[in-house]
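Written out below as structure tokens is the structure these notes cover.
Every value quoted in this text rests on a predicted model; they were computed, and no experiment measured them.
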Amino acid sequence: MGKATRQAYGEKLAELVAENPNIVVLDADLAGSTKSGLSQKVAPERFFDFGVAEADMIGHAAGFAASGYTPFASSFAMFATGRAWEQIRNSVAYPQLNVKICGSHAGITVGEDGVSHQAIEDIAIMRSIPGMKIYVPSDENETRAVVAQAVNEYGPTYIRTGRASVENIYESEDIDVTKIHILRSGSRAAVFACGVCVKSSLEAADRLKEEGIDLTVVDVCAIKPCDEAGILDVLNSHDLIFTAEEHNTVGGLGGMICELAAEKCPRRIIRLGLDDIFAESGSAADLMKKYRLDGDGIYSRIREKL
């Protein structure tokens with residue numbers, strides 16, 4: 001078992017803070033959970049905790065960026081994107097400032113904290129903001145690559161990380177996170193997945209393989225801007241398309257794939273996620289199973305359609 005993507009985020013950020021005096025780190029009373037607190041140990045003079053005041057944190061991040069710094073602002077995804085949405089839109093995105101926002105504990109795998117903390121709308125919220133880049137890494141190595149990418153590219157960026165530990169998919173962080181990655185190759189059907197659902201999709205593909213069905217599994221880390229050429233290649237070579245995400249089926253990865261297909265390559269697309277519903281409190285494993293987003297669930301949902 002690998003590390004949680006939030007842990008990898010904190011470790012890579014602390015590493016880059018030690019190398020780059022231009023990076024400042026901001027948090028909203030959750031530094032221990034988001035793992036941004038690891039940077040405080042490296043450079044306490046460039047770490048700022050704003051308490052339970054996410055809007056204030058984003059406003060200060062905008063100020064740091066306007067002054068030439070590269071701020072990383074972290075909180076739970078529910079609060080980073082929801083409570084501070086106006087500040088993100090007006091103070092960060094509108095002036096196109098170089099602010100990096102990390103929403104940790106995203107999706108239903110936050111578990112027992114319940115619906116109030118389970119961000120299943122954050123990708124849709126951030127996708128709707130002009131100029132916002134969005135990354136949803138699937139394991140610790142891809143997360144490290146995303147943080148490095150965020151430092152090296154200019155502009156507003158949202159990084160989505162999770163609470164639970166996830167198995168490693170990539171052997172190193174030498175990954176181009178701006179491109180899709182085909183992890184399994186098939187011909188009949190393909191599934192585009194992000195975050196924890198990449199691993200679930202790989203497990204589903206293994207089960208389908210036992211039945212003689214080769215499923216193409218595509219990791220889509222960059223939601224916006226997406227790897228349009230890579231996605232279109234997959235759409236053009238498969239008749240049946242699935243998307244899998246730990247998010248509402250409205251406005252997330254599935255929405256992005258559907259929009260692209262509608263404009264450039266019409267296909268039948270079946271979105272797997274939270275079907276416009278809220279979940280409830282429960283363990284991460286139980287919730288993924290109930291909402292059929294674990295390996296067994298994605299296998300059965302794809303098998304039904306095939």
Side-chain angles (χ1 to χ4, degrees), residues 106-109 118-128 134 136 138 160 162 169 180-224 226-279 287-306:
I108 59 175
T109 49
Q118 293 167 358
I120 59 167
E121 314 88 353
D122 54 312
I123 298 174
I125 290 170
M126 301 303 268
R127 273 190 71 218
S128 69
I134 301 171
V136 185
S138 60
R160 187 188 211 235
I169 293 168
I180 65 166
H181 294 279
I182 298 176
L183 305 176
R184 296 279 194 283
S185 293
S187 58
R188 186 175 176 187
V191 56
F192 293 97
C194 64
V196 296
C197 285
V198 174
K199 182 60 179 176
S200 298
S201 297
L202 288 170
E203 292 172 357
D206 289 341
R207 290 195 59 184
L208 289 166
K209 180 73 172 177
E210 294 172 359
E211 300 176 15
I213 300 171
D214 290 324
L215 176 72
T216 294
V217 178
V218 185
D219 174 23
V220 186
C221 179
I223 307 294
K224 184 185 177 187
C226 68
D227 177 10
E228 184 173 304
I231 292 170
L232 287 174
D233 282 345
V234 175
L235 291 175
N236 276 309
S237 58
H238 297 79
D239 294 324
L240 183 57
I241 304 295
F242 297 86
T243 64
E245 59 192 317
E246 187 196 4
H247 187 273
N248 193 348
T249 53
V250 177
L253 169 65
M256 181 270 283
I257 298 293
C258 286
E259 291 163 16
L260 183 57
E263 290 183 358
K264 300 191 175 180
C265 183
R267 283 290 182 272
R268 185 186 179 198
I269 299 173
I270 299 161
R271 294 168 295 164
L272 309 181
L274 277 294
D275 295 323
D276 206 23
I277 56 173
F278 291 113
L287 292 175
M288 289 289 281
K289 179 175 178 150
K290 176 171 181 176
Y291 294 100
R292 303 177 75 187
L293 291 173
D294 60 358
D296 289 341
I298 290 178
Y299 157 78
S300 64
R301 293 172 83 173
I302 291 177
R303 192 68 184 84
E304 288 166 6
K305 299 300 181 183
L306 292 175

Just by distance, do the side chain of [X] and the backbone of [Y] share a donor-acceptor pair under 3.5 Å?
{"X": "R188", "Y": "L306", "result": "yes"}
{"X": "D227", "Y": "I180", "result": "yes"}
{"X": "R271", "Y": "T249", "result": "yes"}
{"X": "T243", "Y": "L253", "result": "no"}
{"X": "E246", "Y": "I108", "result": "yes"}

Taking ring-ring contact (aromatic ring centres under 6.0 Å, His included) as the definition, give me every residue that meets it alongside H238, ordered by chain and number, with sequence neighbours left out.
none
Kindly indicate, with the supporting measurements, whether the criterion side chain to side chain contact (heavy atoms under 4.5 Å, CB included) is fulfilled by V136 and H247.
CA-CA 11 Å; V136 185; H247 187 273; over 6 Å; no
Just wondering, more than 12 heavy atoms not from K289 lying within 6.0 Å of its NZ?
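Atom NZ in K289 is not crowded, with 12 or fewer foreign heavy atoms closer than 6.0 Å.
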Decide yes or no for [X] and [Y]: does some side-chain heavy atom of the first lie under 4.5 Å from some side-chain heavy atom of the second?
{"X": "H181", "Y": "I169", "result": "no"}
{"X": "E203", "Y": "D294", "result": "no"}
{"X": "R303", "Y": "E211", "result": "yes"}
{"X": "L287", "Y": "L293", "result": "no"}
{"X": "Y299", "Y": "L215", "result": "no"}

Go through the steps for I277 and Y291 under the test side chain to side chain contact (heavy atoms under 4.5 Å, CB included), then give the verdict.
CA-CA 10 Å; I277 56 173; Y291 294 100; 3.7 Å; yes
Pairwise distance [atom1]([X]) to [atom2]([Y]) - rounded to 0.5 angstrom:
{"X": "L232", "Y": "S237", "atom1": "CG", "atom2": "OG", "answer": "10.5 Å"}
{"X": "S138", "Y": "L183", "atom1": "OG", "atom2": "CG", "answer": "7.0 Å"}
{"X": "I269", "Y": "I241", "atom1": "CD1", "atom2": "CD1", "answer": "6.5 Å"}
{"X": "K305", "Y": "L272", "atom1": "NZ", "atom2": "CG", "answer": "9.0 Å"}
{"X": "I302", "Y": "L240", "atom1": "CD1", "atom2": "CG", "answer": "8.5 Å"}

For [X] against [Y], the heavy-atom pair lying closest together:
{"X": "I134", "Y": "M126", "answer": "CD1-C, 3.6 Å"}
{"X": "N236", "Y": "R267", "answer": "O-NH2, 3.4 Å"}
{"X": "R160", "Y": "G107", "answer": "NH2-N, 3.6 Å"}
{"X": "S300", "Y": "G297", "answer": "OG-O, 2.9 Å"}
{"X": "G295", "Y": "A204", "answer": "O-CB, 3.7 Å"}

Start with the C-alpha distance between R207 and D296, add both sets of side-chain angles, then the distance that settles salt bridge (Lys or Arg N to Asp or Glu O under 4.0 Å), and finish with yes or no.
CA-CA 8 Å; R207 290 195 59 184; D296 289 341; 2.9 Å; yes
side-chain contact (heavy atoms from CB on, under 4.5 Å) with E121: which residues, sequence neighbours excluded?
M78, I125, F278
Does the pair T109 and M288 meet the rule for a side chain to side chain contact (heavy atoms under 4.5 Å, CB included), with working shown?
CA-CA 7 Å; T109 49; M288 289 289 281; 3.8 Å; yes
Using residues 254-266 as the side-chain source, report each donor-acceptor pair under 3.5 Å to any protein atom, sequence neighbours left out, with the distance given to one decimal.
{"residue": "E259", "atom": "OE1", "partner": "R127", "partner atom": "NH2", "Å": "2.6"}
{"residue": "E259", "atom": "OE2", "partner": "R127", "partner atom": "NH2", "Å": "3.4"}
{"residue": "K264", "atom": "NZ", "partner": "E228", "partner atom": "OE2", "Å": "2.3"}

Could you walk me through whether R292 and E304 pass the salt bridge (Lys or Arg N to Asp or Glu O under 4.0 Å) check?
CA-CA 13 Å; R292 303 177 75 187; E304 288 166 6; 2.7 Å; yes
S201 and V217: side chain to side chain contact (heavy atoms under 4.5 Å, CB included), yes or no, with the steps?
CA-CA 7 Å; S201 297; V217 178; 3.9 Å; yes
With side-chain contact (heavy atoms from CB on, under 4.5 Å) as the test, pick out the partner of R184 among D206, T216, D214, V218.
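So, applying the side-chain contact (heavy atoms from CB on, under 4.5 Å) to R184 and each of D206, T216, D214, V218, only D206 qualifies.
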